[in-house]
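Please read the structure below before turning to the comments.
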Amino acid sequence: MPSLEVQIGSLRLKNPVMAAAGTFGFGQEYREFFDISALGAICAKTVTLRARTGNPPPRLWETPCGLLNSIGLENPGIETFLKEELPKMRKLGTVIVASIWGEEPGDYGALAAAVDKADVEAIELNVSCPNVPGKGFVGAQAGFTADVVRSARAATTKPLWVKLAPEGEVLAAALAAQEAGAQALCIANTFRAMAIDISTGRPVFANVLAGLSGPAIKPLALRWVYELFPRVEVPLIASGGITTWQDAVEFIMAGARAVQVGTGNFVDPLCTLTMVEGLKKFLEERNLECWEVIRGCAHRR
Amino acid sequence: MPSLEVQIGSLRLKNPVMAAAGTFGFGQEYREFFDISALGAICAKTVTLRARTGNPPPRLWETPCGLLNSIGLENPGIETFLKEELPKMRKLGTVIVASIWGEEPGDYGALAAAVDKADVEAIELNVSCPNVPGKGFVGAQAGFTADVVRSARAATTKPLWVKLAPEGEVLAAALAAQEAGAQALCIANTFRAMAIDISTGRPVFANVLAGLSGPAIKPLALRWVYELFPRVEVPLIASGGITTWQDAVEFIMAGARAVQVGTGNFVDPLCTLTMVEGLKKFLEERNLECWEVIRGCAHRR
Amino acid sequence: MPELKVVRAPVAENREVAPGVFLLRLEGRFVAEPGQFFMLRAWERDPLLARPMSVFDLSPQALAFLYAVRGRGTALLANLRLGDQVKLWGPLGQGWKRVPGRIALVGGGMGLAPLLWTAKQFGSPLDVYLGFRHRPWMVEVFRSLADHVHVRSEVGAPGCTQGLVTEAFSPRGYAACYACGPKPLLLELHRMCQEAEVPLYVSLEERMACGVGACLGCTVWTRSGPKRVCSDGPVFPAAEVFFDALP
Amino acid sequence: MPELKVVRAPVAENREVAPGVFLLRLEGRFVAEPGQFFMLRAWERDPLLARPMSVFDLSPQALAFLYAVRGRGTALLANLRLGDQVKLWGPLGQGWKRVPGRIALVGGGMGLAPLLWTAKQFGSPLDVYLGFRHRPWMVEVFRSLADHVHVRSEVGAPGCTQGLVTEAFSPRGYAACYACGPKPLLLELHRMCQEAEVPLYVSLEERMACGVGACLGCTVWTRSGPKRVCSDGPVFPAAEVFFDALP
Ligand SMILES: Cc1cc2nc3c(=O)[nH]c(=O)nc-3n(C[C@H](O)[C@H](O)[C@H](O)COP(=O)(O)OP(=O)(O)OC[C@H]3O[C@@H](n4cnc5c(N)ncnc54)[C@H](O)[C@@H]3O)c2cc1C
Ligand SMILES: Cc1cc2nc3c(=O)[nH]c(=O)nc-3n(C[C@H](O)[C@H](O)[C@H](O)COP(=O)(O)OP(=O)(O)OC[C@H]3O[C@@H](n4cnc5c(N)ncnc54)[C@H](O)[C@@H]3O)c2cc1C
Ligand SMILES: Cc1cc2nc3c(=O)[nH]c(=O)nc-3n(C[C@H](O)[C@H](O)[C@H](O)COP(=O)(O)O)c2cc1C
Ligand SMILES: Cc1cc2nc3c(=O)[nH]c(=O)nc-3n(C[C@H](O)[C@H](O)[C@H](O)COP(=O)(O)O)c2cc1C
Ligand code: FES
Ligand code: FES
């Protein structure tokens with residue numbers, strides 16, 4: 001019997017498959033389809049200090065093998081999350097990761113302090129949402145990322161993960177996050193992209209730019225995981241176009257410790273479950289006891 | 001009768017549809033399928049000072065709605081191009097754009113000097129090939145781009161276009177190219193990306209990174225055209241995932257003067273021809289006399 | 001306990017019932033309340049997303065959808081042939097709830113799709129109003145279910161009164177009205193029902209990714225804040241969602 | 001003058017002739033020389049690329065391919081039914097040229113695909129050698145075309161000699177040999193033919209994008225530099241492409 005377990009910093013997951021933030025709500029919707037305890041972890045929708053109504057519709061646009069979204073972090077705010085959603089999430093039987101976003105580094109500290117007392121296993125610092133207007137989002141920024149992590153680090157003893165954007169100072173931001181105390185890096189959030197509705201001649205989204213996700217971006221995300229793996233110490237969590245167990249294996253071979261599934265959940269509500277089963281079979285058929293042997297194997301000469 | 005014509009600097013094209021460099025050879029292969037004079041222009045395969053054998057196989061890998069390539073600028077060298085290929089290209093009845101690449105800015109000057117005496121309408125400076133190993137390709141670089149354009153500018157009076165990478169200092173490189181005398185900017189070359197063959201656990205390509213093209217990247221390329229349009233003076237030529245006339249309209253609405261079709265030629269050898277016909281119908285049905293009305297219309301408030 | 005299944009069901013029928021409108025019948029045992037929908041896909045990786053489709057009809061052996069060919073997804077659906085497999089999950093969303101008394105179902109064009117199963121489940125006293133641009137279709141199946149079926153054609157058609165469905169319709173005397181169709185129709189119905197002080201329930205459409213309430217992609221603004229069409233709707237009280245549309 | 005057409009042809013037959021191996025017949029008037037191939041697609045945007053397939057057989061009314069289901073593209077081909085449309089362009093590439101005298105065609109597994117049309121066009125004097133891992137298939141159609149048909153099964157099969165096709169084959173006495181199949185088979189044949197000083201022509205496979213020589217994606221290294229499998233090949237003199245493979 002191979003072990004699917006993975007270690008992310010101080011945290012042990014039963015397998016490397018997680019639901020990605022913002023694509024799995026607070027876990028209740030997919031509970032209707034399958035027993036969520038089969039997953040390694042779920043990342044909750046990103047929450048902010050105060051409730052946000054998010055961006056005006058339309059918020060979605062389909063592209064070739066991809067999805068543009070401009071949700072804009074609609075969420076009920078940290079307080080409601082902790083009081084109303086988290087207790088229900090806890091019953092799902094798997095590791096719960098809170099995801100937080102703020103305008104200023106200090107917001108992350110305040111949010112982390114609030115989560116610190118709550119029953120979650122880790123906190124993902126989302127410094128990479130492309131859909132929050134007017135905040136001057138310009139991709140990964142080392143200085144800002146360091147400030148955010150330091151602020152959160154001072155406010156909690158829980159494991160901190162940092163979710164980076166796939167453009168800008170990616171490597172510098174990764175190193176800065178690690179230096180400031182991140183236990184893991186999630187690579188990456190959606191890519192900034194856009195669409196124009198040719199029937200109106202206008203950008204589809206009020207914000208113009210939106211985030212591109214789905215299979216289309218897989219080769220781009222894989223590149224970043226591969227490039228960062230030899231350069232950072234902390235575990236990498238891959239995100240970007242991962243929809244099959246083969247995709248997951250590809251990212252693990254590039255160096256990822258675990259994977260997050262976002263858009264895949266929309267393509268098939270059982271996507272993550274099927275992935276866990278596929279990975280188990282993969283290890284069995286290859287006669288591998290654990291992930292160590294193949295993690296990062298694409299780097300070996 | 002609407003006019004499909006577009007003006008790129010000093011050059012007038014009969015329509016905005018071009019074949020992209022490296023995907024249309026030297027025009028002879030597709031001549032077997034249709035009368036190439038239907039196209040606005042064709043960009044020849046990028047040539048270098050000396051012949052190059054390119055990268056070892058495999059050079060291609062299919063991804064979701066995308067294609068990774070690692071050709072590595074296989075080409076017969078500038079001399080053979082001018083002597084053997086160009087005369088045949090001239091018979092195709094459309095504008096011919098030479099594409100050149102060098103290791104040093106000076107190489108571009110030498111290449112441009114050679115092309116200067118030849119019968120081509122413009123020269124595209126390829127400073128964005130992701131597949132040339134060991135040359136430290138790191139995305140768009142303003143300084144290098146400026147040096148390249150200056151070197152070429154000094155060697156020829158022909159229109160110079162600059163083809164940029166879609167990462168790195170994109171805006172700065174665009175401005176630098178314009179400042180140094182580029183008559184048009186092509187946005188963009190392929191995106192650096194990769195794949196791992198999970199049956200071997202090794203990167204698919206000897207160079208590890210390769211260039212991602214095809215419909216998958218369309219929303220990403222569109223974003224760059226949209227972002228650059230209000231910031232530069234010279235015409236923009238769009239490249240990236242354009243395979244239908246609707247795609248072409250989307251890029252024109254974002255601000256492109258013309259479009260280049262690469263991977264689309266592989267999907268359907270008649271892709272460009274069908275696109276020209278579709279664009280003609282579009283103008284007719286919308287009762288538009290020319291492109292002016294809709295070019296960049298997505299920017300209007 | 002997981003209650004929703006993702007299933008593959010074979011096509012039992014896929015027939016063009018009007019120009020560009022198809023009836024798709026899938027074999028299998030399904031349940032659904034009036035106004036609920038399913039997410040459907042009959043392709044691999046592209047188009048990426050499943051398509052939301054209202055339950056048109058239901059029997060112990062099969063589930064039927066009525067759909068218009070609009071873009072790539074519905075064009076692919078139209079290509080399906082007997083025995084082909086469709087992947088689907090549902091029933092999803094909050095459908096309509098029957099109000100006691102005489103009710104009216106109003107459908108504009110494809111908006112009639114969710115009304116048949118609703119008429120079947122709600123039963124008399126019930127009137128149906130259907131509006132079409134050109135020639136009416138799928139009208140006959142409503143005749144045995146409704147006390148009155150009023151049909152209008154905007155441009156006129158043989159044997160059919162010319163006009164807008166809103167000209168045939170008056171909310172007065174109904175305990176409640178249920179409508180689906182183009183936004184302008186819904187807004188006009190809302191105006192009429194507000195005036196007559198008759199409750200109106202409308203079924204909305206938004207682009208969807210998950211279809212189950214997880215992605216927050218299908219949000220509409222309502223009197224009580226943002227709501228998800230897929231899971232808080234698709235049926236909403238008109239007064240909740242058109243609060244800002246009135247003069 | 002444009003000479004190549006991109007056409008849509010309806011499926012006249014798509015039948016599993018051996019486990020995982022299908023015969024696809026497309027209606028239409030086509031031409032092709034032995035060893036040439038077509039680019040095929042029967043899907044929209046994903047998979048992105050067309051698939052190269054050798055001409056298996058040709059008649060005035062139809063063009064046939066023989067293919068193994070390997071990945072997504074060939075799985076989609078296997079789903080095609082009568083009347084479905086396949087988009088294709090060709091014939092492409094440089095096929096085999098007949099050398100006067102007695103010749104041998106050697107195919108390993110799916111490597112037999114380009115040999116039938118070749119045998120038909122080349123005619124006697126001609127022998128055929130076919131090797132299979134398990135049970136042989138598609139052998140009968142060669143019997144009337146060749147003077148001798150030698151069949152081997154690696155693991156053995158009822159009525160078929162066990163062994164490798166290279167054990168049944170000797171190049172001596174042939175004016176030329178023509179082979180298609182897995183690389184190790186081709187290399188072994190190359191060794192044998194070099195020794196016997198008999199020319200060997202091999203048909204190669206590489207991943208292709210354009211299929212017509214424009215993208216330089218299908219390059220193989222040859223004695224005279226890089227060559228495109230799609231347009232300089234797929235058939236090459238073995239000595240040209242395996243120059244570096246010999247001790
Ligand atoms: C709850 C609900 C029930 C529906 N029931 C029916 C029905 O019974 N019959 C019917 O004909 N149509 C129905 N629709 C509309 C139907 O979903 C769209 O026509 C269909 O998704 C179009 O897909 P396409 O690929 O053909 O079009 P495309 O334009 O190519 O689709 C691109 C994307 O936009 C989405 N989209 C496009 N139009 C709509 C739309 N009007 N509403 C929602 N998403 C859209 C698609 O789902 C897809 O994600 C319903 C929509 C919703 C939200
Ligand atoms: C000139 C030529 C003639 C061929 N003739 C035949 C034939 O008659 N019968 C037959 O069964 N097969 C033939 N092949 C191989 C056939 O093209 C591949 O098996 C097929 O492309 C696999 O597609 P897939 O989507 O099923 O596999 P996938 O692995 O999903 O394909 C992914 C990509 O790799 C390419 N690819 C995968 N395997 C091969 C391969 N062996 N050769 C070239 N490209 C490959 C595909 O074309 C596609 O671009 C031929 C190949 C070439 C180059
Ligand atoms: C609809 C949608 C909403 C998202 N919301 C969030 C979010 O709230 N916080 C976050 O960190 N990432 C969010 N993401 C990004 C995903 O978590 C994921 O990183 C990204 O979509 C790439 O992975 P994928 O290709 O598997 O979807 C969202 C993505 C989508 C598509
Ligand atoms: C096989 C292949 C070869 C290419 N070779 C070149 C080249 O020699 N020079 C160049 O400037 N761009 C080259 N490109 C990039 C294309 O010209 C084009 O910019 C890119 O593929 C994006 O457009 P597309 O999505 O339409 O293919 C090549 C692309 C492909 C796929
Ligand atoms: S479609 Fe995802 S929340 Fe409604
Ligand atoms: S496949 Fe493009 S050159 Fe051969």
Side-chain angles (χ1 to χ4, degrees), chain A residues 19-20 22-36 38 42 45-46 51-76 131 204 210 213-216 218 241 243-244 262-271 273-274, chain C residues 1-8 38-52 70-74 76 86-93 183 204-233 241 244:
Chain A
T23 66
F24 216 73
F26 297 112
Q28 301 310 306
E29 291 79 10
Y30 286 99
R31 192 174 55 89
E32 304 264 315
F33 289 96
F34 67 99
D35 181 353
I36 307 294
I42 48 183
K45 172 73 191 171
T46 298
R52 289 179 58 91
T53 52
N55 294 337
R59 293 177 169 188
L60 300 168
W61 192 259
E62 213 181 30
T63 72
C65 289
L67 173 66
L68 286 166
N69 90 77
S70 178
I71 310 297
L73 295 185
E74 175 181 336
N75 79 88
N131 296 319
V204 166
S213 65
K218 192 189 72 165
T243 67
T244 65
T263 306
N265 298 304
F266 313 153
V267 173
D268 182 346
L270 302 182
C271 180
L273 186 67
T274 312
Chain C
M1 267 295 94
E3 281 166 18
L4 283 167
K5 284 201 165 60
V6 180
V7 299
R8 278 174 194 282
F38 281 73
M39 294 295 280
L40 272 73
R41 59 187 301 137
W43 48 81
E44 278 192 87
R45 204 162 48 183
D46 186 82
L48 186 65
L49 302 170
R51 300 313 196 229
R70 297 254 188 260
R72 293 180 65 225
T74 47
L76 288 169
V86 175
K87 198 170 185 172
L88 74 166
W89 51 97
L92 304 171
K183 188 91 177 268
L204 300 184
E205 292 188 1
E206 254 312 324
R207 282 160 194 275
M208 294 182 176
C210 70
V212 301
C215 74
L216 307 183
C218 64
T219 300
V220 280
W221 257 246
T222 74
R223 198 180 287 277
S224 38
K227 290 264 162 108
R228 299 160 300 180
V229 170
C230 68
S231 49
D232 299 316
V241 287
D244 57 351

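Just so you know, these numbers use all the heavy atoms, side chains as well, and skip hydrogens, waters and symmetry mates. Chain letters run A, B, ... following the sequence lines, proteins first, then strands; residues in each count from 1.
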Side-chain donor-acceptor pairs under 3.5 Å in residues 204-217 of chain C, sequence neighbours left out?
none

Review point. Looking at R31(A) and E3(C), does any basic side-chain N land under 4.0 Å from a carboxylate oxygen?
Key: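 Salt bridge between R31(A) and E3(C), a charged N being under 4.0 Å from a carboxylate O: no.
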**Study point:** Region of T23(A) in contact with chain C, defined by heavy-atom distances below 4.5 Å
**Key:**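 Looking at T23(A), just its backbone touches chain C.
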Exercise for review: Check L49(C) against F266(A) and note the closest heavy-atom contact, atom names and distance.
Suggested key: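 Scanning both residues, the minimum pair turns out to be CD2-CB, 4.1 Å.
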**Study point:** Heavy-atom closest pair, residues W221(C) and N55(A)
**Key:**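 Shortest heavy-atom contact: CH2-O, 3.4 Å.
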Practice item. Could you tell me whether a side-chain N or O of E62(A) sits under 3.5 Å from a main-chain N or O of L48(C), the two making a donor and an acceptor? Key: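 Present.
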Check your understanding: Under 3.5 Å, side chain of D46(C) to main-chain N/O of P64(A), donor-acceptor pair present?
Key ->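 No.
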Exercise for review: Check step by step if side-chain contact (heavy atoms from CB on, under 4.5 Å) holds for V267(A) and R45(C).
Suggested key: CA-CA 8 Å; V267(A) 173; R45(C) 204 162 48 183; over 6 Å; no
Exercise for review: Only counting residues at least two apart or in another chain, list the ones meeting side chain to side chain donor-acceptor pair (under 3.5 Å) with K87(C).
Suggested key: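 K87(C) satisfies side chain to side chain donor-acceptor pair (under 3.5 Å) with D268(A) only.
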Practice item. Can you check whether anything in residues 223-233 of chain C gets within less than 4.5 Å of chain A, heavy-atom wise, and list it by number? Key: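 Within residues 223-233 of chain C, near chain A: P226(C), R228(C).
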Review point. When heavy-atom pairs shorter than 4.5 Å are enumerated against chain C, which of P57(A), G262(A), C65(A) gives the highest number?
Key: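 Result: the option with the highest number of such pairs is C65(A).
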Practice item. Tell me, out of S70(A), G66(A), A216(A), who's got the most heavy-atom pairs with chain C below 4.5 Å. Key: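 Top option by heavy-atom pairs under 4.5 Å: G66(A).
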**Study point:** For F24(A), ring pair (Phe, Tyr, Trp, His ring centres under 6.0 Å) partners two or more places apart
**Key:**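 Result, ring pair (Phe, Tyr, Trp, His ring centres under 6.0 Å) vs F24(A): Y30(A).
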